[in-house]
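In what follows, a structure is listed as structure tokens, so that the remarks can point back to it.
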Amino acid sequence: MPAPVIEFLVSSPVGLLSLKASDLGLTHLQVSCLEAVSNTLEVKSTTVLGRDLNAPFDKALVEQGRAHLELATAQLTDYFSGKRQHFELPLAPKGTEFQRQVWQALSELNFGQVCSYSDIANHIERPKAVRAVGAANGANPIAIIVPCHRVIGKSGKLTGYAYGLDMKQYLLDLEGIV
């Protein structure tokens with residue numbers, strides 16, 4: 001997967017989001033500041049990444065990345081306002097084949113649906129890889145859109161989340177999961 005070429009910093013109800021994209025699609029969605037909560041999504045800054053001032057600049061790659069970020073931002077706005085339950089945009093996360101299988105399985109979870117690591121392991125036909133599924137879930141570079149927040153403990157209780165259980169609970173509440 002190509003490296004990201006552009007980044008948006010976007011305010012959101014869960015904090016300041018860092019979205020990065022390559023010409024192939026969204027590569028990252030991470031929370032860069034949990035304390036910077038906003039009721040509206042707004043692009044706060046745009047940065048072209050990896051630009052060597054002495055090298056030729058491929059503006060077309062950046063514009064393709066920008067288009068992916070604009071689409072992701074629009075869909076996140078709809079998601080946080082309750083108007084979107086499924087994301088439809090190109091994703092280009094960097095990961096191992098196994099990680100990408102786990103992330104694909106997560107992406108297939110419906111809005112409001114939860115599962116366990118064991119459920120994902122069974123879904124990808126690797127029933128003994130429960131711990132590896134947990135590690136791949138934790139390495140997910142595209143939070144919210146690849147909904148790792150929908151993974152809960154087999155007992156039905158909340159389990160760890162890279163951005164804390166408060167954010168996880170907020171996302172689950174948004175989706176109507178008690």
Side-chain angles (χ1 to χ4, degrees), residues 1-4 8 10 12-22 24-34 37 41 68-69 71-178:
M1 292 289 159
F8 280 4
V10 179
S12 84
V14 295
L16 189 64
L17 304 178
S18 167
L19 285 78
K20 297 178 185 176
S22 71
L24 298 180
L26 188 69
T27 61
H28 297 83
L29 190 166
Q30 299 165 318
V31 182
S32 63
C33 183
L34 286 167
V37 174
L41 264 78
H68 295 309
L69 294 182
L71 180 61
T73 302
Q75 291 189 16
L76 284 164
T77 298
D78 289 347
Y79 171 78
F80 283 115
S81 66
K83 297 176 186 170
R84 175 171 292 276
Q85 296 185 354
H86 181 75
F87 293 95
E88 299 172 13
L89 64 152
L91 303 178
K94 184 177 181 183
T96 66
E97 180 62 32
F98 179 80
Q99 287 173 324
R100 287 193 305 272
Q101 287 178 344
V102 170
W103 301 335
Q104 178 60 42
L106 290 169
S107 295
E108 293 170 8
L109 290 173
N110 291 321
F111 182 90
Q113 177 185 5
V114 293
C115 69
S116 67
Y117 295 145
S118 179
D119 294 331
I120 296 288
N122 288 327
H123 180 77
I124 64 170
E125 299 180 357
R126 302 278 300 272
K128 294 184 180 183
V130 175
R131 287 187 181 188
V133 165
N137 189 63
N140 172 20
I142 305 177
I144 303 169
I145 291 174
V146 176
C148 53
H149 62 276
R150 294 179 186 155
V151 178
I152 61 173
K154 195 165 185 147
S155 68
K157 293 188 178 183
L158 288 187
T159 56
Y161 185 62
Y163 301 110
L165 293 181
D166 287 343
M167 180 176 159
K168 184 173 189 163
Q169 186 65 62
Y170 176 90
L171 295 170
L172 295 175
D173 288 347
L174 181 70
E175 296 184 14
I177 301 168
V178 178

Do [X] and [Y] have side chains that get closer than 4.5 Å, going by heavy atoms?
X: Val31; Y: Met167; result: yes
X: Leu171; Y: Ile144; result: yes
X: Thr73; Y: Phe8; result: yes
X: Val10; Y: Leu16; result: no
X: Phe98; Y: Ile124; result: yes

Where is the tightest heavy-atom contact between [X] and [Y], given as atom of each residue plus distance?
X: Val130; Y: Pro127; result: CG2-O, 3.6 Å
X: Leu26; Y: His28; result: CD1-O, 3.6 Å
X: Ile177; Y: Asp173; result: O-OD1, 3.7 Å
X: Pro93; Y: Ile142; result: CB-CD1, 3.9 Å
X: Asn140; Y: Cys148; result: ND2-SG, 3.2 Å
X: Pro4; Y: Lys20; result: CB-CB, 3.7 Å

Given 3.5 Å as the limit, does a donor-acceptor pair link the side chain of [X] with the main chain of [Y], or not?
X: Arg84; Y: Leu76; value: no
X: Asn137; Y: Val151; value: no
X: Lys168; Y: Thr159; value: yes

Residues in side chain to side chain contact (heavy atoms under 4.5 Å, CB included) contact with [X], at least two apart in sequence or another chain:
X: Ala92; value: Met1, Ser22, Leu24, Thr27
X: Asp166; value: none
X: Leu71; value: Gln75, Leu89, Pro90
X: Ala74; value: none

Rounded to the nearest 0.5 Å, what separation is found between the [atom1] atom of [X] and the [atom2] atom of [Y]?
X: Leu29; Y: Leu19; atom1: CG; atom2: CG; answer: 4.0 Å
X: Leu106; Y: Ile145; atom1: CG; atom2: CD1; answer: 13.5 Å
X: Leu34; Y: Tyr163; atom1: CG; atom2: OH; answer: 8.5 Å
X: Ser32; Y: Leu17; atom1: OG; atom2: CG; answer: 7.5 Å
X: Leu41; Y: Ser12; atom1: CG; atom2: OG; answer: 5.5 Å
X: Lys83; Y: Ser81; atom1: NZ; atom2: OG; answer: 4.5 Å

Legend entry - Qualifying side-chain hydrogen bond (donor to acceptor under 3.5 Å, both in side chains) pairs, either residue in residues 102-113, two or more places apart: Gln104-Glu108, Glu108-His123
Excluding sequence neighbours, so at least two apart, what forms side-chain hydrogen bond (donor to acceptor under 3.5 Å, both in side chains) with [X]?
X: Thr77; result: none
X: Tyr79; result: Glu175
X: Ser18; result: Glu7
X: Ser116; result: Asp119

Inset, instruction - Apply side-chain contact (heavy atoms from CB on, under 4.5 Å) to the pair Phe111 and Arg150, showing each step before the final yes or no. - result: CA-CA 9 Å; Phe111 182 90; Arg150 294 179 186 155; 4.0 Å; yes
Inset, instruction - Evaluate the criterion side-chain contact (heavy atoms from CB on, under 4.5 Å) for residue pair His149 and Leu172; output intermediate values, then yes/no. - result: CA-CA 7 Å; His149 62 276; Leu172 295 175; 4.1 Å; yes
Legend entry - Residue list, salt bridge (Lys or Arg N to Asp or Glu O under 4.0 Å) with Glu97, at least two apart or on another chain: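 Listed in chain order: Arg100.
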Inset, instruction - If a pair satisfies salt bridge (Lys or Arg N to Asp or Glu O under 4.0 Å) and one of its residues is in residues 122-131, list it, with sequence neighbours excluded. - result: none
